[in-house]
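By convention in this document, chain letters (A, B, ...) are assigned in the order of the sequence lines, proteins followed by strands, and residues within each chain are numbered from 1. These numbers come from the heavy atoms of this one structure, side chains and all, not from hydrogens, waters or symmetry mates.
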Amino acid sequence: MILRTFSNLCAQSQACFRSARAKSTLSDVIDETGKSGLILKSLSTDIFENLALEDWIHDHVDLQNRNMLFLWSNAPAVVIGRHQNPWQECNLQVMRQKGIPLARRRSGGGTVFHDLGNVNFTFFTSKKNYDRHRNLQVVTSALKGLRPDMDVRATERFDILLNGQHKISGTAAKLGRTAAYHHCTLLCSADRALLSAVLKPTCQGIKSNATQSVPSPVKNLLDEDPTLDCDTIMDSVASQYNTEFGFSSPVTLVDPSDELSLPGIQRMACELLAWEWTFGRTPKFSICTTFELKNDTSICNATLNMDIKNGIIETCDIEVPSDWLPVELSREFSLHLIGGKLCPYQTSVIAAAFLRTIPQNKEFERKMYNLCRRVVFMM
Amino acid sequence: MLSHSRCVTRNVSRFIAVISQGNNVLARQAVSVVLDSAREGSDLLLSSAPGLSASRSVTVNNPAKCGARSSVFQIRYFRTSSACRNEVITVKTPAFAESVTEGDVRWEKAVGDSVKEDEVVCEIETDKTSVQVPSPAAGVIEELLVPDGEKVEGGQALFKLRKGAVAAQAAEAPAAVAAPPPPAAATPPASAVGPIPTTMPPVPPVPGAAISATPVSAIKPTDAPAAFADGRGIPARTEHRVKMNRMRLRIAQRLKEAQNTCAMLTTFNEVDMSNISEMRKAYKDTFLKKHNIKLGFMSAFVKASAYALMDQPSVNGVIDDTTKEVVYRDYVDISVAVATPKGLVVPVIRGVEGMNFADIEKTINELGEKARKNELAVEDMDGGTFTISNGGVFGSMFGTPIINPPQSAILGMHGIFDRPVAIGGKVEIRPMMYVALTYDHRLIDGREAVTFLRKIKAVVEDPRVLLLDL
C-alpha cells in the first residue's frame with residue numbers, strides 16, 4: 001500500500017491547474033484526480049477534528065459517482081450518538097477526572113469509547129449506493145484475510161461479533177440529501193477497564209426518551225490474537241476496500257486542521273466542541289433521585305427532581321427534611337438553579353455565591369455545603 | 001367550425017369568470033391557455049367545473065403542434081405572488097432505506113419557526129442511522145404532527161408547513177436573529193480567563209456582584225433590537241428588558257444588606273513597587289526553573305496580607321449579627337477575585353499564613369488553570385476570611401472596593417504607574433501603586449485599619465520585613 005501525503009497527491013494529479021491556482025481545496029483535488037474511489041487516513045487523533053472532517057467531506061465532496069473510505073483513530077474520548085443523553089450514557093465525573101472529552105457525532109446510534117487502540121472506518125457513498133452490509137463485509141473479509149481462522153461475523157444489527165459472543169465493532173450512519181456515510185469502530189487494543197468505567201450513567205434516576213445504547217460484552221482483537229496491530233488491520237481493510245469495489249487507490253494522508261485545503265473546517269470543529277451541541281442537544285429529560293446527606297452527627301435522605309430541556313434546568317425541586325436544614329434554604333437553592341445549565345462548573349459558581357449569602361450559622365453552612373456538593377456531583 | 005368556436009368562446013368566458021371569482025386557491029395555479037380556434041380537432045380541454053375546489057387543477061392541453069398557425073387568443077402564463085396566497089401542506093415521512101419500517105423522530109425546529117427550502121426540519125433515527133428531513137419549500141412550521149421521540153413509519157404525515165413569506169416577526173429581526181448567543185455560550189473553552197495566575201486578573205472593585213454573566217446570559221434577550229434597523233445608519237431608539245435572574249437579585253440584596261449593616265469606609269495608601277520589581281527581575285528565571293511557574297506580584301500582596309492579618313486579628317474576624325458575637329479566626333483564607341468571561345468567580349487560597357511565595361504562586365496558578373478550564377469546584381470557592389481585588393489589571397488608578405460579605409475587609413490593588421515622588425528631599429520617578437482598604441468600622445477601628453495597610457505597604461516595599469518579623 002503506497003502511502004502518500006496530500007501534497008504528493010496534488011503534485012501527481014493532472015493538475016496543470018495546480019500551479020495556476022495557489023490553493024486548491026481537497027474537493028478540487030479529488031475532482032482533478034478523476035478517480036471514483038479514494039482512501040483517506042487522518043493525521044490527527046483529535047476526535048473533534050476528525051468528526052469535523054467527516055462532515056466536511058459529506059458536505060463538500062461530490063459523492064454521486066464516487067466512494068470514499070476514511071481511516072481514523074483518536075486519543076481517548078467518548079462519542080455519543082446524535083440523539084442521545086450524555087448523562088445517561090456515560091459517567092461525566094470520571095471523564096472529567098481523567099480528562100476524557102465528550103463528543104456528539106451527527107450520525108445516530110449508541111455510545112462508544114474511542115482510544116488509540118480503536119480504529120474507525122467511514123464509508124462515504126451516494127445515497128443510492130448506501131449499503132452497510134457490503135461495507136461491513138469489507139471489514140470482516142479483511143480480518144479473515146489476515147487471520148483465516150478468526151471467527152468474525154457481522155450481525156443483523158450491523159455489529160461485528162468475535163466468536164459469536166463479543167462485540168468488536170459498532171455501526172452508525174447518516175443519510176443526507178444526496179450522499180450518505182456509514183461509520184464503524186473496531187476494537188483492536190482499547191483500554192477495556194477504562195471503557196467500562198466511563199460507559200456508565202452519571203447519575204441515577206434519569207427518565208428520557210433519548211436513544212439508548214444497548215450494552216454488549218466487548219473484546220479486543222488483540223486479546224484474541226496478540227500478533228495483530230492497528231496499522232496492519234487498517235492497511236488490510238484499505239486493500240480489501242479496493243478489491244471489493246474495484247478501485248486501485250493508495251492511502252492518502254489528510255490533516256484535518258488544514259484550513260486552506262478544507263475551508264470552513266475550523267468552524268465545524270468549533271461547533272462540535274460547543275456546549276450547546278454536545279450537551280444542549282439532549283432531548284428533554286428528567287432526573288428523579290434520592291441521595292444521602294451526611295453530617296458529623298446525622299444522616300438524612302434528600303430527593304432531587306429536575307426537568308431539563310436543551311441542557312438547561314427548567315424546573316428544580318430539592319427536598320431536604322426540615323429538621324436537617326431549613327426548608328427555605330433548600331428551596332431557595334433549587335430556585336436559583338433554574339435557568340442555568342446542567343453543568344457542574346456553573347452550578348458550583350452559583351452554589352459558592354449562594355453559600356456566601358446565607359445567614360451565618362456554622363451548622364447550616366456545613367450542611368448546605370454538603371448539599372451543594374452532592375448536587376454538583378450529579379452533573 | 002362556427003359552432004366550435006362559439007363553444008370555445010363560451011368555454012373561455014366561463015373559464016375567465018371562474019378565475020375572476022378570485023378564489024385564492026385557484027390563483028396559485030399556473031395557467032396557460034392557448035386557443036387556436038382555427039385548428040381543426042384542436043384539443044382544448046377544460047377540466048374546470050363550476051364550484052371548483054382547491055385541489056382541482058385547471059390545465060389546458062397546449063397543442064404544441066400548432067405550428068405556424070396563428071392563435072386567435074393567447075393568454076400567457078400567470079402566477080400570483082405566493083406571498084399573498086399561503087397554503088398549508090402536509091409533509092410526509094420519507095421512505096426508509098434498506099427495508100427499515102420505522103424510526104424515531106427528533107425535531108430540530110418548533111412550531112412557528114420559519115424555514116428555508118431544503119433546511120432540515122427534523123431528523124429521523126432509524127436503526128443507528130440518522131436521516132435528515134428537509135423542508136420542501138420556504139415557509140413557517142404550522143404544526144408538528146408527531147411528538148418528539150415518537151415512532152413514525154414511512155409515508156406517515158409528519159408536519160404541516162405554511163408555505164410563503166417568512167413570518168412577520170422573523171422578517172423584522174434579521175439583525176436580532178444574529179444577536180449573538182449569550183457570550184458565555186459562544187466562547188469555545190479555549191478562550192476562558194485572560195492572563196491568569198501570577199497577575200490573577202481580577203475584578204472591578206465589586207466582588208460581591210458574582211455570577212454576572214452566566215445565568216443572566218442564559219436568558220436570551222428575545223427582543224434584542226437591531227442596532228441599525230433601517231440600514232441607513234440612524235440608530236433605532238428601542239429598549240429591551242431582560243429579567244434579572246434570581247442569583248443576581250439575591251446577591252444584590254445581600255450586598256445592600258451588608259452595606260446597611262456594616263459601617264463601611266475606606267483608607268488609602270501608596271506602595272513603591274521598585275524593590276519588588278527588582279526582586280522579580282533578579283529571580284524570575286531561577287524561580288521559573290525551580291517551580292515551573294512565573295513569579296508575579298500577587299504572591300507578594302497575598303503574603304503581605306496574611307502577615308498583616310495575623311498581626312491585626314480584628315481585620316480577619318467578622319461580626320455575627322444573629323448572635324451578636326465577634327468571630328476571630330486563627331487561620332487566613334484569602335479570596336482572590338477573578339474575572340472570567342462568564343462572570344466573576346472568587347476562588348480561595350487556604351491557610352496562607354503557613355505558605356511562602358512559591359506555595360502561593362503555585363496555588364494561584366492551579367486555581368487560575370481550573371478557572372480557565374471551567375473546573376472550579378464548590379470547595380475551591382467557598383469561604384474566605386479576607387478578599388483581594390485587583391482593579392489594576394483594567395487600568396484603575398484609585399478606587400473604593402466594596403466588602404464581600406460575610407467578611408470584614410477587602411484590599412483593593414490598583415494600577416502601577418510611574419509617578420514623581422519625594423525621596424530624601426529629591427524628586428524621583430518610581431513605579432507607584434495606590435492601595436485601598438475598605439473595612440467594617442463596627443469591628444475594626446481606624447488605627448487598626450491604617451496599621452494594617454501600612455504593614456502591607458512595608459512588606460511589599462521591602463520583603464525583608466517578613467524575614468525579620470518586624
Side-chain angles (χ1 to χ4, degrees), chain A residues 81-83 96 106-110 127 130-133 157-158 170-177 180 182 208-211 270 273-276 280 283-284 312 332 335-341 343-357 359-361 365 369 372-373 376, chain B residues 97-98 103-104 106 118 123-132 134 148-150 181 184-186 188-190 208 210-211 214-215 218-219 245-247 250-251 253-254 257 318 320-323 327 342-347 373-384 404-407:
Chain A
R82 174 72 180 81
H83 308 291
R96 267 179 221 115
R106 293 191 196 270
S107 53
K127 217 162 162 180
Y130 173 66
D131 184 346
R132 288 179 286 180
H133 282 299
R157 287 194 75 242
F158 308 104
T171 273
K174 176 167 164 194
L175 291 173
R177 290 170 223 149
H182 160 219
S208 141
N209 69 355
T211 314
C270 280
L273 273 165
W275 194 95
E276 279 57 39
K284 191 164 176 179
I312 309 282
E332 267 302 297
L335 290 173
H336 284 302
L337 292 178
I338 294 177
K341 292 181 182 164
C343 162
Y345 171 66
Q346 204 183 90
T347 310
S348 298
V349 173
I350 295 177
F354 182 76
L355 285 168
R356 278 204 294 274
T357 62
Q360 292 210 63
N361 181 322
E365 255 184 70
Y369 176 75
C372 292
R373 285 198 61 201
V376 168
Chain B
E98 283 180 342
D104 299 329
R106 302 278 177 196
D118 249 2
E123 292 204 10
I124 301 191
E125 178 151 10
T126 76
D127 186 28
K128 306 183 188 188
T129 306
S130 186
V131 184
Q132 294 179 322
D148 188 84
E150 286 280 300
I211 327 197
T214 5
I219 304 166
N245 75 66
R246 225 181 165 83
M247 201 65 232
R250 194 185 175 87
I251 292 169
Q253 192 188 27
R254 183 79 177 133
E257 247 172 56
V318 70
D320 182 344
D321 289 296
T322 48
T323 59
V327 185
K342 296 193 180 186
L344 184 65
V345 290
V346 197
K373 293 198 268 187
N374 290 343
E375 281 173 13
L376 283 174
V378 186
E379 53 265 29
D380 293 325
M381 298 185 279
D382 180 47
N404 185 13
Q407 293 174 358

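- Taking the side chain as every heavy atom from C-beta outward, B:Asp148 and A:Lys284 never approach each other to under 4.5 Å.
- Residue contact with chain B, scored on non-hydrogen atoms closer than 4.5 Å, involves the backbone and the side chain of A:Leu335 alike.
- In terms of heavy-atom pairs under 4.5 angstrom with chain A, the leader among B:Glu379, B:Met381, B:Arg106 is B:Arg106.
- Rounding to the nearest 0.5 angstrom, the gap separating the CD atom in B:Glu123 from the CG atom in A:Leu175 is 10.5 Å.
- Considering only heavy atoms from C-beta on, A:Arg356 stays 4.5 Å or farther from B:Pro405 through its side chain.
- In this structure, NE2 on A:His336 lies 6.0 Å from CZ on B:Arg246, to the nearest 0.5 angstrom.
- Minimum heavy-atom separation, A:Gly108 to B:Ser130: N-CB, 3.4 Å.
- Here the straight-line distance linking atom CZ of A:Arg106 with atom CD of B:Gln132 works out to 9.0 Å at 0.5 Å rounding.
- Every residue was checked against the ring-ring contact (aromatic ring centres under 6.0 Å, His included) condition with A:His83, not counting sequence neighbours, and none meets it.
- Taking a 6.0 Å sphere around CZ of A:Arg373, one finds it holds 12 or fewer heavy atoms contributed by other residues, nucleotides or ligands.
- Residue B:Glu375 touches chain A through its backbone alone, counting heavy-atom pairs closer than 4.5 Å.
- Contacts between B:Asp380 and chain A at a heavy-atom distance below 4.5 Å are absent for every atom of the residue.
- Residues satisfying the side-chain hydrogen bond (donor to acceptor under 3.5 Å, both in side chains) test with B:Arg250, not counting sequence neighbours, are A:Glu332, A:Thr357.
- Side chains of B:Thr129 and A:Phe158 form no contact here, defined as non-hydrogen atoms less than 4.5 Å apart.
- Looking at every heavy atom in both residues, A:Tyr345 comes nearest to B:Asn374 through CB-O, 3.2 Å.
- The choice from A:Thr211, A:Leu355, A:Val376 that makes the most heavy-atom pairs within less than 4.5 Å of chain B is A:Thr211.
- Counting heavy-atom pairs closer than 4.5 Å to chain A, the top residue among B:Asp118, B:Asp104, B:Thr323 is B:Asp118.
- Looking at A:Arg157, both its backbone and its side chain come within 4.5 Å of chain B, counting heavy atoms on both sides.
- Panel note: side chain B:Glu125, backbone A:Gly109; a donor-acceptor pair is recorded below 3.5 Å.
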